[in-house]
Amino acid sequence: MTSTARPAVVLAMEHDVATALFDQAARHRLARSAVVDPQTVVDDFADPAHAPALAGVEILLTGWGCPRLDAAALQTMPRLRAVIHAAGSVKHHLTDACWERGLVVSSAAAANALPVAEYTIAAILFGGKRVVEISRRFAGSRRYEDWNARYPGFGNYRRTVGVIGASLIGRRVIELLQPYDLEILVADPYLDAETAQGLGARLTGLDELLAASDIVTVHAPELPETRHMLDRNRLGLLRDGATLINTARGSLVDTAALTKELVAGRLHAVLDVTDPEPLPTDSPLYDLPNVLLTPHIAGSLGGELHRMAESALDELDRYAAGLAFAHPVTPGALLRSA
Ligand SMILES: NC(=O)c1ccc[n+]([C@@H]2O[C@H](COP(=O)([O-])OP(=O)(O)OC[C@H]3O[C@@H](n4cnc5c(N)ncnc54)[C@H](O)[C@@H]3O)[C@@H](O)[C@H]2O)c1
């Protein structure tokens, strides 16, 4: 990796995203680490106003809304060596032309994994305790009921949680679950039993995981082979009363099949993502007591964006010091990543 004392950096993302990512302290840090005009935020590589800055840029600091880095865009940046993404997936803006050019790439997906994992832990613990459903029933009846009778096996003691995908987020979820009295299963075609054990989970096949878990949480990436990985048959493997949590992508689950199960009351769900997203306004999932539906809020929002900005600035400092990125993105890994 080329080392420069203070590399020339340009921000490429939506203007509002840049404002939300970099607070005053981060802007000062950026100015110390790089030759940069933090007021210049490129959202169109063909805009002639940006041509002088792009002609000298060595590192693009990208964020949500960065335009595609295709061959034409790269032509405007003859000195570009690296792309540091201050968000998760780079699939929206990176193209093959970036790899052909030999760019080094880093992403803040690991920083973005934490809020999703935190949301998931909350969903697991509240799901095991049936908190959302009981709160809705309580608001309706305004009286105490025999919750033990209504929810056999109620609570979070010695329940089994199945994690689909030892992805960045899946691994974080497994790590954060360690202090609880829960058995953790994990299914991932790229994971071996020893690594799973090291993470604190037991490797199983997907079908076995579905049949054995009280709560299943989906953390696999959206790929051609993961579309409808939870189809009608697989959903049918879930135990009566099991909870399905999806913070990954809606396309991983057959929405029609899941809706049937939820309307029948056989399953419970916490869904941050759906297919389509959002669901049609007349979908029953908005109102079912056994469903908690949120509008894709598990990832970084508000102050959580600052964690991604810090991660990107750490990577910038590593680059300037001649070190390899801590969170590199490679074309091979992208084939099985979010
Ligand atoms: N709700 C949100 O706001 C939000 C935010 C960030 C990410 N996400 C989603 O969360 C999911 C996980 O993101 P990530 O960054 O942790 O993913 P990642 O890129 O780290 O996932 C890659 C890993 O997933 C595993 N995997 C690949 N194919 C699999 C399969 N068929 N079955 C099981 N595991 C498989 C492999 O271990 C692979 O290395 C993605 O779907 C992503 O889009 C959602």
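Whatever order the structure lists ligands and atoms in, that order sets their numbers, starting from 1. Numbering starts at 1 and runs along the sequence shown.
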Tell me whether ligand 1 is touched by Ala333 - counting only heavy atoms on the residue side and a distance under 4.0 Å. no

Which residue owns the protein heavy atom closest to atom 30 (C) of ligand 1, what's the atom, and how far is it? Pro189 CD, 3.5 Å

Classify the contact between Ala166 and ligand 1 as side chain, backbone, both or neither, using a heavy-atom distance cut-off of under 4.0 Å. backbone

Does Lys91 use its side chain to pair, donor to acceptor, with the backbone of Ser337 at less than 3.5 Å? yes

Under-4.0 Å heavy-atom contact with ligand 1, by part of Ser89 that carries it: neither

How is the hydrophobic cluster of Leu168 composed, in terms of its other members, when Ile, Leu, Val, Met, Phe, Trp and Tyr link through side-chain heavy atoms under 4.5 Å apart, directly or indirectly? none

Once you measure the plane-to-plane angle for His85 and His93, does it fall in the parallel (<30°), tilted (30-60°) or perpendicular (>60°) bin? tilted

Leu60 versus Leu69: any side-chain heavy-atom pair under 4.5 Å? yes

Quick one: does ligand 1 sit under 4.0 Å from the side chain of Thr226, the backbone, both or neither, non-hydrogen atoms only? side chain

Among all protein heavy atoms in this structure, tell me which lies nearest to atom 6 (C) of ligand 1, with the distance rounded to 0.1 Å. Asn112 ND2, 3.4 Å

Ligand 1 atoms in contact with Ala338 (distance to a heavy atom under 4.0 Å): 13 (O), 17 (O), 18 (P), 19 (O), 40 (C), 42 (C), 43 (O)

Judged by non-hydrogen atoms, does Met229 sit under 4.0 Å from ligand 1? yes

Looking only at distances, please establish whether an N/O atom of ligand 1 is found under 3.5 Å from an N/O atom of Leu168. yes

For Ala113, state whether at least one heavy atom is located under 4.0 Å from any atom of ligand 1. no

Looking at Ile164, Leu235, Leu267, which one forms a side chain to side chain contact (heavy atoms under 4.5 Å, CB included) with Leu244? Leu235

Below 4.0 Å from ligand 1: does a non-hydrogen atom of Gly88 turn up there or not? no

As an exercise, identify every atom of ligand 1 less than 4.0 angstrom from a heavy atom of Val116. 4 (C), 5 (C), 6 (C)

Please report whether ligand 1 has a polar contact with Asp188, defined as an N or O pair separated by less than 3.5 Å (distance criterion only). yes

Numbered in order shown, the ligand 1 atoms found under 4.0 Å of a heavy atom of Arg249 are 8 (N), 9 (C), 41 (O), 43 (O), 44 (C)

Determine yes or no for a side-chain-to-main-chain donor-acceptor pair under 3.5 angstrom, with Thr76 supplying the side chain and Ala73 the backbone. yes

I'd like to check the side chain to side chain contact (heavy atoms under 4.5 Å, CB included) partners of Asn148; sequence neighbours left out, ordered by chain and number. Asp146, Phe154

Side-chain heavy atoms of Tyr180 within contact of Ile124, under 4.5 Å: no

Exam field: side chain His50 to backbone Leu54, donor-acceptor pair closer than 3.5 Å: no

